[in-house]
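This is a predicted model, so every value here is computed, not measured. Counting begins at 1 with the first residue of the sequence. Both ligands and their constituent atoms are indexed starting at 1 by order of listing. Heavy atoms only: backbone and side chains are in, while hydrogens, waters and symmetry mates are out.
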Amino acid sequence: MNMRNLLNNEWINSPSGQTFENRNPADQEDIIGNFPRSDAGDVNAAVNAARAALKMWRIMPAPKRGDIIRRAGDILTQKKEEIANAMTREMGKPLIETRGDVQEAIDTAYYAAGETRRLFGLNAPSELPDKMNLSIRVPIGVCGIITAWNFPVAVPSWKILPALAAGNTIVFKPAEDAPYSANLFVECLLEAGLPAGVLNIVHGFGEECGDALVLHPDVNVIAFTGSTAVGKHIAAKASQTLKRVSLELGGKNAQIVMDDADMELALEGALWGAFGTTGQRCTATSRLILHEKIYDTFINKLISRVTKLKIGDGRKPGTEVGPVINEKQIQRIEHYVHIGKDEGAVCVLGGDRETKGDCSRGWFYKPTIFIDVTPEMRIAREEVFGPVLSVMKVVSLEHAIEVLNSTDYGLSSSIYTQNISNSFAAIRDIESGIVYVNCPTIGAEAHMPFGGVKQTGNGHREGGWTVFDIFTEWKTVYVDFSGKLQKAQIDNN
Ligand code: NAD
């Protein structure tokens, strides 16, 4: 199938004629389609279209923009199953998860549509008589949106829908591993009545078209989700034009299990957090920090549960663990498993590719558990982004939190405990953007702030009301109705 870019509401090929292929990670013979391999010229055309459309879109009454976004939510709801199926085929996670991915976009659509009747400003009294002070949010302008492949609809929706609600126009560069899902999502917005030029898509690779978007002087903000390495590169490049950059980057998330925890609950949480989405989530549990009193029993129970996980094609009923996205990523996992073994951690489960039966056709890796991991090991510090769990032993809550905090990342953390004092101490002392108590490290809700500290980002928060800080500028307005010249800081003394 020949897929295209979107420019001014028309699906077009790249004039360069270059394309790239996208394959089903569960079946390498299954080609999803050929997509335009866009370059700086395609990016420039898309930015020009978005800049032209901004003139009309930014002054449309916000609730009218909201009507279109709400309709897009309705259309996504109607097409949920179709999009989920296409997404599983394209990027592998089981259908139950891809349905959740689309649902997150639906929730975000309704939330963003509702916000178009709010978009609150902040006002304060004037220090002078007969004068009114206001501060209002205005759209930031043309937004460059660059996303990772693991949430092909949800993550773009977190950025695109609030950005549109706030009156911005967009150039969207989806991940090269999930471009078809991106097209399906955007089609829902077109069907809902989005005017030409408001949202444009350029498909392609990071260095060739992502970079051009980051460097483009007429783009006002880059909202990026991806790896910390690429995020740093983007921040450096974007600084040349002083545009705003919002970075949602990697994680090395941990789940603490205290000796007073509900063990069954903690076990369910660890299974879902570590091996859901084959561990390919920014919020995946890649470290399990166990109190010494329950260390051995918990590990034994975990091994017995993980052994039973069903690996395979995400479109087959009952599949719990889908494929890894591509050969490069599976080699990265293999690399870290070698490092773990070299460092002296003990691999008690998995540790190699799954090639049996149908799995021989795709990129599958066995759920893997390392025990006796220590905080200084690389498998305890660096993001693997795969089904690999590093288990560590601690002697107290303070010790657990110290170990949890000992990485460069700070996205999502979890603690299982029945003790209320432990819970609140953890909420206070854990260094991460999200803390879960008695639930796993995955499970963010669309209407709450989402993001992390340290090298997980640069201080922005998507989701909820905080996303509007990324996609708006504050404009301060003074209205003097006294009919005379009044001088601030001078006349009121
Ligand atoms: P990646 O950084 O390789 O790619 C992400 C996007 O950046 C892709 O669209 C890619 O084409 C683009 N890109 C690559 N090089 C670029 C460049 N030089 N200039 C501009 N764009 C460029 O990440 P990935 O492998 O797609 O995704 C996995 C990573 O994403 C993990 O680190 C994961 O933790 C992170 N992630 C973070 C969040 C979050 O919200 N914090 C959510 C999902 C994934």
Atom 11 (O) of ligand 1 - nearest protein heavy atom and its distance: Glu176 OE1, 2.6 Å

Has Asn458 got a side-chain atom pairing as donor or acceptor with Leu247's backbone, closer than 3.5 angstrom? yes

Just wondering, more than 12 heavy atoms not from Glu445 lying within 6.0 Å of its CD? no

Between Asp211 and ligand 1, find which residue part has any heavy-atom pair under 4.0 Å and reply side chain, backbone, both or neither. both

Identify the closest protein heavy atom to atom 34 (O) of ligand 1: which residue and atom is it, and at what distance? Glu383 OE2, 2.6 Å

Checking heavy atoms under 4.0 Å, the part of Asn150 that sits near ligand 1 is side chain

For the residue pair Phe20 and Phe205, does the interplanar ring angle fall in the parallel (under 30°), tilted (30 to 60°) or perpendicular (over 60°) class? tilted

Under a 4.0 Å N-O cut-off, is there an ion pair linking Arg23 with Asp30? no

For atom 2 (O) of ligand 1, the closest protein heavy atom turns out to be Ser227 OG, 2.6 Å

If we set the cut-off at 4.0 Å for heavy atoms, which region of Phe151 has an atom near ligand 1: side chain, backbone, both, or neither? neither

Under the 4.0 Å line, does any protein heavy atom show up next to atom 27 (O) of ligand 1? yes

For Arg51 and Asp218, run salt bridge (charged side-chain N to carboxylate O under 4.0 Å, His left out): C-alpha distance rounded to whole Å, both residues' side-chain angles, the deciding distance at 0.1 Å, then the answer. CA-CA 8 Å; Arg51 178 60 57 188; Asp218 223 11; 3.3 Å; yes

Side-chain donor-acceptor pair present, Gln18, Ser16, cut-off under 3.5 Å: no

Between Arg89 and Asp27, does the salt bridge (charged side-chain N to carboxylate O under 4.0 Å, His left out) criterion hold? Intermediate values first, please. CA-CA 9 Å; Arg89 179 177 165 223; Asp27 179 356; over 6 Å; no

Heavy atoms only: which of Val384, Leu215, Val230 lies closest to atom 15 (N) of ligand 1? Val230

Option with minimal heavy-atom separation from atom 42 (C) of ligand 1, where the choices are Gly250, Gly452, Ala178, Cys282: Cys282

Does NZ or CZ of Lys93 lie under 6.0 Å from the centre of the six-membered ring of Phe151, at an angle within 45° of the ring axis? yes

Which protein heavy atom lies closest to atom 24 (P) of ligand 1, and at what distance to 0.1 Å? Trp149 CD1, 3.9 Å

Crowding at NE2, His335 (>12 non-hydrogen neighbours, <6.0 Å): yes

Note: Thr225, heavy atoms under 4.0 Å from ligand 1, region reported as both

What do you reckon, does Phe385 have a nitrogen or oxygen under 3.5 Å from a nitrogen or oxygen of ligand 1? no

Among all protein heavy atoms, pick the one closest to atom 7 (O) of ligand 1 and tell me residue, atom and distance. Phe224 CE1, 3.1 Å

Check each heavy atom of Ile234 against ligand 1 and say whether those closer than 4.0 Å belong to the side chain, the backbone, both or neither. side chain

Among all protein heavy atoms in this structure, tell me which lies nearest to atom 8 (C) of ligand 1, with the distance rounded to 0.1 Å. Thr147 O, 3.3 Å

Heavy-atom distances under 4.0 Å are what count here, so tell me which part of His233 touches ligand 1: side chain, backbone, both or neither. side chain

Out of the candidates Arg137, Arg244, Lys243, only one should pair with Glu473 under the salt bridge (charged side-chain N to carboxylate O under 4.0 Å, His left out) rule; please name it. Arg244

Side-chain (Asn85) to main-chain (Glu81) donor-acceptor, under 3.5 angstrom: yes

If the plane angle is over 60° it's perpendicular, under 30° parallel, otherwise tilted; pick one for Phe35 and His203. perpendicular

Sub-4.0 Å atoms of ligand 1 with respect to non-hydrogen atoms of Ala148: 26 (O), 27 (O), 30 (O), 44 (C)

What protein heavy atom is closest to atom 13 (N) of ligand 1, reported as residue, atom name and distance in Å? Gly206 CA, 3.4 Å

Distance to the ring centre below 6.0 angstrom and angle to the axis at most 45 degrees; does that hold for Arg281 and Trp272? yes

With heavy atoms only and a cut-off of under 4.0 Å, state how Gln280 meets ligand 1: side chain, backbone, both or neither. neither

Taking only heavy atoms of Gly210, which atoms of ligand 1 are found under 4.0 Å from at least one of them? 19 (N), 20 (C), 21 (N)

Quick note on ligand 1: atoms under 4.0 Å from a heavy atom of Glu248 include exactly 37 (C), 38 (C), 39 (C), 40 (O), 41 (N)

Rounding to 0.5 Å, atoms OH (Tyr409) and SG (Cys282) come to a distance of 11.5 Å

How close does the nearest protein non-hydrogen atom get to atom 35 (C) of ligand 1, and which residue and atom is it? Gly226 O, 3.2 Å

N/O separation below 3.5 Å, Thr228 to ligand 1: no

